2 protein chains.
Amino acid sequence: MSNSSKPATASPEQLELTSLLAECGLKVTRPRLSVLKIFKNSTHPLSAQEVAAALPTVPALPAINGVTIYRILDSFKTSGLIREVNLRHGHLDYELIDHADHHHHIVCTKCGLTEDLYSCGVSGLIKAAIKNSRNFATVNEHSVELFGLCRKCIKL
Amino acid sequence: MSNSSKPATASPEQLELTSLLAECGLKVTRPRLSVLKIFKNSTHPLSAQEVAAALPTVPALPAINGVTIYRILDSFKTSGLIREVNLRHGHLDYELIDHADHHHHIVCTKCGLTEDLYSCGVSGLIKAAIKNSRNFATVNEHSVELFGLCRKCIKL
DNA sequence: TGCTAAATGCAAGTTAGTTGCAACAAGTAG
DNA sequence: CTACTTGTTGCAACTAACTTGCATTTAGCA
């Protein structure tokens, strides 16, 4: 039984995903590997539903439950693998945290097209906020989202 | 019947709210006046539920339906009276648009305390985004939210 | 004063996300 | 290699936020 529960050979990609999970102290399971792989291959933030839709349906394997996806997203968030972003789509989106890659988003309010922005410029604002506020002590996170129209939608 | 449907005297506040609605092309109704008044008196963004909770319960008058609140928020938003803000509370918040008063928010991720920020500093980012993006044509809106801990919560 | 379009109330439905609990499986100790 | 323990998953039911359809009412205006 060489291919009953474990693949005969593990691809380098699979190995990378596995160690990424292990490093975060998360057990390596099939659902988690699948979800992580989807994020790795995605160019934009994903909602829980998009993750669900992107899950491969292998006839031989049982489908992954919707609840499990929420719980995986939660565990990934807690362990710092992904972050929540709010793109005003009426639900939460998630994206991998690549520590070398701090960015924000620009969203088309008509079609939902999303691009990353690689400049930021709020560090001054953060400093000023802490300095001027009597109530706040620290700023750990921030979101900057631009909302506009893409070239396609502005023509409609 | 002097006090059956209309008050004998209209307060200056009532008059102001009335004309504000009229200017926006909205019919002046009791539910709308109540909701607008709540926003006028609030120092922070409000959710639909908070608006509902803040509605006065005058025994003589029928209560205002929850659905109506959503519809009022929608009409206020469409006519530019209020704006949506996303403070990661799992629902949408709304605040009056005061055109002289462009601001953003700083939110405590533990207790939800919210303050306004009166500096912004993203105009450079917006210009750069339009210039560098092949896909985007205009930026009409933006959100900047800082998330951190207030002095109370950081001690816990 | 009466008309008409807009606003409201009510009931039911939808969507996103959560909770409790039993079954299962990853990692580890023996 | 096997057995144990704890974290993970699946299922079903539930909640919160918000929406829709339709009948009724009412603001604004002729």
Side-chain angles (χ1 to χ4, degrees), chain A residues 1 4-7 10 14 17-36 45-53 55 57 61-79 81-82 84-94, chain B residues 4-7 10 14 17-36 45-53 55 57 61-79 81-82 84-94 112:
Chain A
M1 287 201 202
S4 69
S5 60
K6 300 205 176 180
Q14 209 76 347
L17 300 177
T18 301
S19 61
L20 199 50
L21 288 175
E23 276 162 35
C24 293
L26 296 168
K27 283 193 180 172
V28 180
T29 65
R30 189 175 61 86
R32 282 183 177 162
L33 284 170
S34 300
V35 172
L36 187 54
L46 298 167
S47 66
Q49 328 298 320
E50 286 174 305
V51 171
L55 283 171
T57 45
L61 297 174
I64 292 165
N65 192 279
V67 178
T68 301
I69 295 169
Y70 284 108
R71 289 198 269 230
I72 288 176
L73 292 175
D74 208 54
S75 65
F76 282 12
K77 194 177 70 173
T78 305
S79 48
L81 267 174
I82 60 174
E84 253 177 50
V85 287
N86 231 313
L87 303 176
R88 301 195 185 177
H89 292 153
H91 57 247
L92 294 171
D93 288 288
Y94 298 86
Chain B
S4 71
S5 62
K6 299 206 175 179
Q14 209 75 348
L17 299 177
T18 301
S19 62
L20 198 51
L21 287 176
E23 277 163 33
C24 294
L26 294 169
K27 284 192 181 176
V28 179
T29 65
R30 187 174 64 87
R32 282 182 178 166
L33 284 170
S34 300
V35 172
L36 187 53
L46 298 167
S47 66
Q49 329 297 320
E50 285 175 306
V51 170
L55 283 172
T57 45
L61 297 173
I64 292 164
N65 192 281
V67 178
T68 301
I69 295 169
Y70 284 108
R71 287 196 270 230
I72 288 176
L73 292 175
D74 207 54
S75 66
F76 282 11
K77 193 178 71 171
T78 305
S79 48
L81 267 174
I82 60 175
E84 253 177 48
V85 285
N86 231 313
L87 303 176
R88 301 194 185 177
H89 292 154
H91 57 248
L92 293 171
D93 289 289
Y94 298 87

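The basis for the numbers below is simple: all heavy atoms, side chains too, and nothing from hydrogens, waters or symmetry mates. Only a predicted model underlies this, so the values are computations on that prediction, with no experimental measurement involved.
- Distance, A/Leu46 CG to C/dG17 P: 13 Å, rounded to whole Å.
- When rounded to the nearest whole Å, the span between CD1 of A/Ile69 and C1' of C/dT19 equals 17 Å.
- Between the CD1 atom of B/Ile72 and the P atom of C/dA7 there is a distance of 10 Å, rounded to whole Å.
- Taking atom CD of A/Glu84 as the reference point, atom C1' of C/dG17 lies 12 Å away to the nearest angstrom.
- Bending across the helix from C/dT1-D/dA30 to C/dG30-D/dC1, expressed as the angle between its end axes from five pairs apiece, amounts to 30° (10° rounding).
- Atom CD1 of A/Ile64 is separated from atom P of D/dC11 by 12 Å (rounded to the nearest Å).
- When rounded to the nearest whole Å, the span between CG of A/Leu61 and P of C/dC24 equals 16 Å.
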A correct 5'-to-3' footprint of nucleotides 12-21 of chain D, with B, S and - meaning base, sugar-phosphate only and no protein heavy atom under 4.0 Å, is B----SBBBB
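- B/Leu73 places its CG atom 14 Å from the P atom of C/dA7, with the value rounded to the nearest Å.
- When rounded to the nearest whole Å, the span between CZ of A/Arg32 and C1' of D/dG10 equals 14 Å.
- From B/Arg32, atom CZ reaches atom CG of B/Leu17 across 13.5 Å, with rounding to the nearest 0.5 Å.
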Can you check each nucleotide of nucleotides 24-30 of chain D against protein heavy atoms at under 4.0 Å and return B for base, S for sugar-phosphate only, - for none, in 5' to 3' order?
---BS--
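- Note that CG of B/Leu26 and OG1 of B/Thr18 are 12.0 Å apart. Values are rounded to the nearest 0.5 Å.
- Here the side chain of B/Glu50 pairs a donor or acceptor atom with the backbone of B/Ser47 at under 3.5 angstrom.
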